[in-house]
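See below for the structure under consideration.
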Amino acid sequence: MLLFEDYRSKITDDIRSIYTDVDPSDVGFDRTGHADFAFRTFRISKSSGKKPDQILAEVSTVLSGRPYIENVSLEGPYINIRIKPSVMLRELDESVEIKGQFPDTFQDPERVSVEHTSTNPTGPLHVGRIRNTLLGDSIARILGRYGYRVTTQYFVNDSGRQIMALYEAYRRYNSGKKPSMDIILSGYQRIYGEMENDPSIENDIKELMNSYEKGDVELMDSIKAIASVALDNINTSLKSLGVKIDDYTWESDFIRSGELIEIVDSFSDILNDEDGAKYILNPDKEKIFLRRSNGTSLYFTRDIAYHKYKARTYDWIVDILGEDHKGHAKNLQFVLKDLMEMPNRIDFVFNAYVSLETGKMSTRKGNAVTVDELLERTKEEALKIVSEKRPDLPKDKLEKISLSVAKSSIRFNIIRINANKQVVFKWSEALNFEGDSAPYIMYSYARACGILKHAGNARPNYDDIVPQERELIVTMYQYPYRITEAKDSLRPDIIANYTLDLVKKFNDFYRECPVSGSDEKTMGKRIRIVQIYKNIIEDISKLLGIELLEEM
RNA sequence: GGGCCCGUGGCCUAGUCUGGAUAAGGCACCGUCCUUCUAAGUCGGUGAUCGUGGGUCCGAAUCCCACCGGGCCCGCCA
């Protein structure tokens, strides 16, 4: 959990001590610039018959006794509440100075698993997939920041039909050659083309699945070896964006262990049969198949086993899935919660698809922008720009800056959009580093570093706060509320959009409030403000995967 | 046919959960500011029937209903 002075709760509690029936949603941050907090009196006026100025008098009586309240005033039907900026600044400063961060985190014992990516190892990671990756990675980081003990998970498919096709392709076309991503991918694309005219392929795949399911260890190992080549390639791409997976689980592990058979057997009471295939019914009377008629297992059953595995270690299971998995997730939820009565909290986060202007992305059809390609081109573009802007810097520094800009931009552009919105990938947007972008944030950080480099020493001071300072302080103060919101709704885009708002406030401050050269009291105050800002941007950068630079 | 998601200036996005003060940013376009801590920045301007039509409410981008447009799903695939 997060530790900080929660004025919103305090104010809400005070108001509710007078009007017990007040709706907490009537007390909140004001977004219109009238105050810090606003209390809407409509409902209380109606229920109590009191006029707004009577309500103001009563609310003022309670709130004016609080040391953090600056003033309480009435504007139409709104009671506007302002917090003393010096108190907020002191709160921020002491947290940063003493705890090293604002807000401070109290380590929660609860353990959380965040599964993301889990893409089939059949080809290089592409732009359509990393939306899932980056969502999951940021969610994991946000939950960790909030205080949970978080582990990221990747479920590796080395058992499905697609992987058998991949392996069969390698065996037919490239047997004996050292497997590489190119060889694997081209074979995979080729076999789906030839399958239509050559029924022997289908038969061979079926045969492979049978041997596999019977526990042919040699076959399992061979397939795992091929899948590993693709997985290594994917992992290299993940690493290039700063994504780390803590735990890989292979689907084949549950076949080897015999657990899948136990799971199907455990449903014997409600199991139905269709030509030897086994299924159960969901509440909508739709069939959920658990085993094929030829006895081989299905992804759904392997996923049950995987979730049983996760439930042994984690209190809270979070799965990031493509929106095409909504049906799968609904059924999984039904089986785990209703049938197996799993007590763990389970949440699914869905991401809508990223398409190209030319249509859908597909590994099989070779119609996709890979992560490596995206990173390469973005880096080139960044290098062009930074070389123009900073001809004074040496080559290696320019390279370093462009790489950080590229990684950060890619992550930020994807993460700042609400996950259930469909996205069309456009190079013109990916290569734009102006406006609402990662470099905008990074640049403001570099400016903050510049200020601190130029400023001298001065004793901290919290007095005589001017409007631009106040706006920045209030926005920084809101940070823990935004972390909490993002954690509750599992939405990193909330943090991304908050950050843009925060940077704008910092830019206003930067323009209007010189630090070095100002009198000692003013400088003492502004150095503290800049240091807090720097600290919060550093904190946020870890949540969003932005690589900050002291100069750029 | 059934289910889920999305629709906000020319383009992209926030706000929708929890209804409330002038609908907030960015791109593009026009104009401004580098003798002061980095101009990847700043300030100002043009530009929005919040998909359409009903309804609820003192009050609707936000809630309800219908419809339209786009996406996804409805496999013994994953």
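Every chain is numbered from 1 and lettered A, B, ... according to where its sequence line falls, protein lines coming before strand lines.
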Who does [N] pair with, Watson-Crick or G-U, both distances under 3.5 Å?
{"N": "B:rG1", "answer": "B:rC74"}
{"N": "B:rG31", "answer": "B:rC43"}
{"N": "B:rC63", "answer": "B:rG55"}

If I take atom [atom1] in residue [X] and atom [atom2] in nucleotide [N], what distance separates them, rounded to the nearest angstrom?
{"X": "A:Asp23", "N": "B:rG19", "atom1": "CG", "atom2": "P", "result": "7 Å"}
{"X": "A:Arg292", "N": "B:rC77", "atom1": "CZ", "atom2": "P", "result": "4 Å"}
{"X": "A:Ile288", "N": "B:rC74", "atom1": "CD1", "atom2": "P", "result": "14 Å"}
{"X": "A:Glu286", "N": "B:rC76", "atom1": "CD", "atom2": "P", "result": "12 Å"}
{"X": "A:Phe37", "N": "B:rA21", "atom1": "CZ", "atom2": "P", "result": "18 Å"}
{"X": "A:Phe425", "N": "B:rC12", "atom1": "CZ", "atom2": "C1'", "result": "14 Å"}
{"X": "A:Glu512", "N": "B:rC33", "atom1": "CD", "atom2": "C1'", "result": "13 Å"}
{"X": "A:His34", "N": "B:rA24", "atom1": "NE2", "atom2": "P", "result": "13 Å"}

Please determine, for the side chain of [X], which listed nucleotide ([options]) has the closest atom?
{"X": "A:Ile417", "options": "B:rG41, B:rU13, B:rA40", "result": "B:rU13"}
{"X": "A:Arg31", "options": "B:rA39, B:rA78, B:rG15", "result": "B:rG15"}
{"X": "A:Asn420", "options": "B:rC58, B:rA40, B:rC6", "result": "B:rC6"}
{"X": "A:Val515", "options": "B:rC37, B:rA40, B:rC76", "result": "B:rC37"}
{"X": "A:Arg43", "options": "B:rA40, B:rG15, B:rG19", "result": "B:rG19"}
{"X": "A:Arg511", "options": "B:rA21, B:rU42, B:rC37", "result": "B:rU42"}
{"X": "A:Gln162", "options": "B:rC77, B:rC58, B:rU13", "result": "B:rC77"}
{"X": "A:Asp508", "options": "B:rC5, B:rC43, B:rC37", "result": "B:rC43"}
{"X": "A:Arg416", "options": "B:rU13, B:rG20, B:rA14", "result": "B:rU13"}
{"X": "A:Asn507", "options": "B:rC58, B:rG41, B:rC77", "result": "B:rG41"}

Using a 4.0 Å heavy-atom cut-off, does [X] contact any base of the nucleic acid, only the sugar-phosphate backbone, or nothing at all?
{"X": "A:Glu550", "value": "base"}
{"X": "A:Ala38", "value": "base"}
{"X": "A:Ala446", "value": "base"}

Quiz item: Going by ring centres under 5.5 Å and near-parallel planes (under 30°), is A:Tyr440 stacked on B:rA40?
Solution: no
Practice problem: Taking the six-membered ring of A:Tyr498 (Phe, Tyr or Trp), confirm whether the NZ or CZ of A:Arg482 is under 6.0 Å from its centre and within 45° of its axis. | Solution: no
Quiz item: Considering heavy-atom distances to RNA chain B, does A:Arg40 or A:Leu549 have its closest nucleotide positioned more toward the 5' end?
Solution: A:Arg40
Quiz prompt | Closest-nucleotide ordering on RNA chain B, the 5'-leading residue of A:Asp436 and A:Tyr510 | solution = A:Asp436
Exercise. Verify the contact: side-chain N or O of A:Lys504 to OP1 or OP2 of B:rG25, cut-off strictly under 4.0 Å; return yes or no.
Key: no
Practice problem: Please check the phosphate of B:rG15 (OP1 and OP2 only) for any side-chain N or O of A:Arg491 closer than 4.0 Å. | Solution: yes
Quiz item: Between CD1 of A:Ile205 and CE of A:Met195, what distance do you get to the nearest 0.5 Å?
Solution: 4.0 Å
Exercise. Measure centre to centre between the rings of A:Phe350 and A:His325, then say whether the value is under 6.0 Å.
Key: no
Any carboxylate oxygen within less than 4.0 angstrom of a Lys/Arg side-chain nitrogen, looking at [X] and [Y]?
{"X": "A:Glu485", "Y": "A:Arg491", "result": "no"}
{"X": "A:Lys504", "Y": "A:Asp508", "result": "no"}
{"X": "A:Lys51", "Y": "A:Asp53", "result": "no"}
{"X": "A:Glu551", "Y": "A:Lys453", "result": "no"}
{"X": "A:Arg390", "Y": "A:Asp392", "result": "yes"}

Using the [atom1] atom on both, measure [N] against [M] and round to a whole Å.
{"N": "B:rC29", "M": "B:rA14", "atom1": "C1'", "answer": "23 Å"}
{"N": "B:rG9", "M": "B:rC65", "atom1": "C1'", "answer": "29 Å"}
{"N": "B:rC6", "M": "B:rC63", "atom1": "P", "answer": "10 Å"}
{"N": "B:rA40", "M": "B:rA28", "atom1": "P", "answer": "14 Å"}
{"N": "B:rG54", "M": "B:rA60", "atom1": "P", "answer": "14 Å"}

Quiz item: So does A:Gln54 have more than 12 non-hydrogen atoms from other groups sitting under 6.0 Å from CD?
Solution: yes
Filtered N/O pairs between nucleotides 70-73 of chain B and protein, under 3.5 Å:
{"unit_1": "B:rG70", "atom_1": "O2'", "unit_2": "A:Gln422", "atom_2": "NE2", "d": "3.4"}
{"unit_1": "B:rG70", "atom_1": "N2", "unit_2": "A:Gln422", "atom_2": "OE1", "d": "2.7"}
{"unit_1": "B:rG71", "atom_1": "O4'", "unit_2": "A:Gln422", "atom_2": "NE2", "d": "3.4"}
{"unit_1": "B:rC72", "atom_1": "OP1", "unit_2": "A:Lys360", "atom_2": "NZ", "d": "2.9"}

Quiz prompt | Check: B:rA21 base within 3.5 Å donor-acceptor of A:Asn80 side chain | solution = yes
Exercise. Anything under 30° is parallel, anything over 60° is perpendicular, the rest tilted; go ahead and classify A:His307 against A:Phe348.
Key: tilted
